[in-house]
Amino acid sequence: HLGQHVPFWYVFGELDSKFAEIGKDLAACATKVHSLPCGHAVVEECPREVADLLLNLMKQLPPPSAPKGVLEVTAAWMEPIQLLLKAPLRLSRGDMMPRRSGVLLVLQAQLDGAKMAGLGEVTPLPSFHKETLDEAENQLNSILAEWNTRPPKVPVELGRLDGTLTQWLDQQCTGNLLPSVRAGLEMALLQLVRRAPEARRPQRSDVSINSLLARDEDLDADTALVAKLKVGTDPLEDAQRTNQLAKLLLQKRPQAKLRLDANRSWSLEQAESFINNLDEQALQITEYLEEPVQKSPQLLQHWEVLSEKTHGRLAFAVDESLTEGIVSTKDLENCKVPIKALVLKPSLQGLEQTAAMAKWANEHGAVAVLSSAFESGVALCHFALLASTLAPCWAEDVAQGFGTFTRLSEDVLQPPFADLVSVGQKGWQVNIGSCQEALDRSVEALVAARQGTELVDGPS
């Protein structure tokens, strides 16, 4: 009588005579009975069919109830940070940057008497963000001063990442939010609502990470399964370097994959020369080439011409052209060249907008690759947590672009993000539970330090 009271699905392999007979007996009481063309181990032998059955089942389930509850902000402040890089970073204008500068923002709140805190990071990168750190600090300082004077109510439903967070911030903040400030506020708010009992949970327990190869010696210490290489200088030299790298990667790891990024540096003819000079081994392991040609109103038409001239030997990915509004998702829908990936930068687009673009990618046959910009482990943990919510656990495992953590000589996260990254069969991975624990530990340490300072400086 089980099926009369509880929805009950029974799946068996046709070649498994014992459980096939049980299936016949259960047909009268089970909600549904399915047979698959396999033996006893249906998940191992028919993984796609089982996944399709589970998807159909999930579509029939009632939608989850919306989170409820409102947090009350009790305090908000900033903490300056300076992070030394292992080697100075060359900016696009040629300047060398030896360290990353920015601020951490802390939001304290309570829900039904329970105290909690959220931590965000605002570290605009020169030549990457349009705003300077001073401009970002000034705007953030004004917002936090207002919130300390008139504390806002924070609905737990902001964690749904369905547009409500953007609307709430636009209502609570005067003027247009700078991208780095919006991202930092979203981080702190999302950590707050994630700690509430009703919060939405990650879809994945681990997130894969690609490495970033900037120098030849990087390969010696590189244990990632997916590597990203910057190209965009001399096409023939870049092709030769890529061919050599592909050979070395496959010698180390037969399952290795390569991602190439030209940063819109080449003319159409240069990009064609590069692709046509790649050998078969390099083409075989290259997932995609980001932004192959120079900025132009006819950018996607140039992509189509390039794909035709190179006989579709490489897939393409869009990055800064989407961020800057040169192309839209509507343009990508009409592009005749299949788009392999959307490379998304949460610190520029904001976390909620990144989630919306990732959803578009999943619905249109592309993958979403989140990319960092030399932030601290605080932002990287937030980006990993975001990535864990963007695709179901049975979807393709996509390595995220967080390899910049290897460039940090120090970190404000406790423990450092580098300590959270493990090496396994899938290359570099970071555990989502460890990311959440590190964020909680880091913000709790900042809260404790501030409370200790206030006790020391306060009246005796």
Flag side-chain contact, heavy atom, 4.5 Å: [X] against [Y]:
{"X": "Asn431", "Y": "Ser422", "answer": "no"}
{"X": "Phe374", "Y": "Leu89", "answer": "yes"}
{"X": "Glu291", "Y": "Phe316", "answer": "no"}
{"X": "Leu258", "Y": "Thr242", "answer": "yes"}
{"X": "Leu83", "Y": "Arg99", "answer": "no"}
{"X": "Val70", "Y": "Val156", "answer": "no"}
{"X": "His34", "Y": "Leu53", "answer": "yes"}
{"X": "Val421", "Y": "Phe405", "answer": "yes"}

Would you check if there is a donor-acceptor pair between the side chains of [Y] and [X] at a distance under 3.5 Å?
{"X": "Ser265", "Y": "Asn263", "result": "no"}
{"X": "Arg100", "Y": "Gln82", "result": "no"}
{"X": "Ser208", "Y": "Gln429", "result": "yes"}
{"X": "Glu333", "Y": "Trp360", "result": "yes"}
{"X": "Glu375", "Y": "Thr404", "result": "no"}

Taking it one step at a time, do His40 and Phe19 satisfy ring pair (Phe, Tyr, Trp, His ring centres under 6.0 Å)? CA-CA 8 Å; His40 180 72; Phe19 285 88; 5.0 Å; yes

Indicate yes or no for a side-chain donor-acceptor contact from [X] to the backbone of [Y] under 3.5 Å, with no hydrogens or angles considered.
{"X": "Asp261", "Y": "Lys230", "answer": "no"}
{"X": "Glu121", "Y": "Ala379", "answer": "yes"}
{"X": "Thr406", "Y": "Gly403", "answer": "yes"}
{"X": "Gln400", "Y": "Ile209", "answer": "no"}
{"X": "Glu186", "Y": "Leu351", "answer": "yes"}
{"X": "Arg259", "Y": "Leu229", "answer": "no"}
{"X": "Asp238", "Y": "Gly232", "answer": "yes"}
{"X": "Gln349", "Y": "Lys345", "answer": "yes"}
{"X": "Asp16", "Y": "Gly13", "answer": "no"}
{"X": "Ser307", "Y": "Trp303", "answer": "no"}

Gap separating the [atom1] atom of [X] from the [atom2] atom of [Y], nearest 0.5 angstrom:
{"X": "Leu144", "Y": "Leu185", "atom1": "CG", "atom2": "CG", "result": "6.5 Å"}
{"X": "Asp440", "Y": "Glu444", "atom1": "CG", "atom2": "CD", "result": "5.5 Å"}
{"X": "Arg313", "Y": "Ile275", "atom1": "CZ", "atom2": "CD1", "result": "8.5 Å"}

Can you give the donor-acceptor pairs under 3.5 Å from side chains of residues 165-172 to other protein atoms, not counting sequence neighbours?
{"unit_1": "Thr166", "atom_1": "OG1", "unit_2": "Glu352", "atom_2": "OE1", "d": "2.5"}
{"unit_1": "Trp168", "atom_1": "NE1", "unit_2": "Lys153", "atom_2": "O", "d": "3.0"}
{"unit_1": "Asp170", "atom_1": "OD1", "unit_2": "Arg182", "atom_2": "NH2", "d": "2.8"}

What do you reckon, is CG of Asn176 surrounded by more than 12 foreign heavy atoms closer than 6.0 Å? no

Look at atom CD of Gln425 and say whether more than 12 heavy atoms of other residues, nucleotides or ligands are closer to it than 6.0 Å. no

Intermediate values then yes/no, salt bridge (charged side-chain N to carboxylate O under 4.0 Å, His left out), Lys247 and Asp279: CA-CA 10 Å; Lys247 180 180 179 181; Asp279 61 28; over 6 Å; no

How far apart are the C-alpha atoms of Glu410 and Lys86, what are their side-chain angles, what is the distance that settles it, and do they pass the salt bridge (charged side-chain N to carboxylate O under 4.0 Å, His left out) test? CA-CA 9 Å; Glu410 53 190 350; Lys86 291 180 179 178; over 6 Å; no

Counterpart residues, side chain to side chain contact (heavy atoms under 4.5 Å, CB included), relative to Ala384 (two or more places apart): Phe402, Val430, Ile432, Cys435

For Lys340, is there an ion pair with Glu290 - N to carboxylate O distance below 4.0 angstrom? no

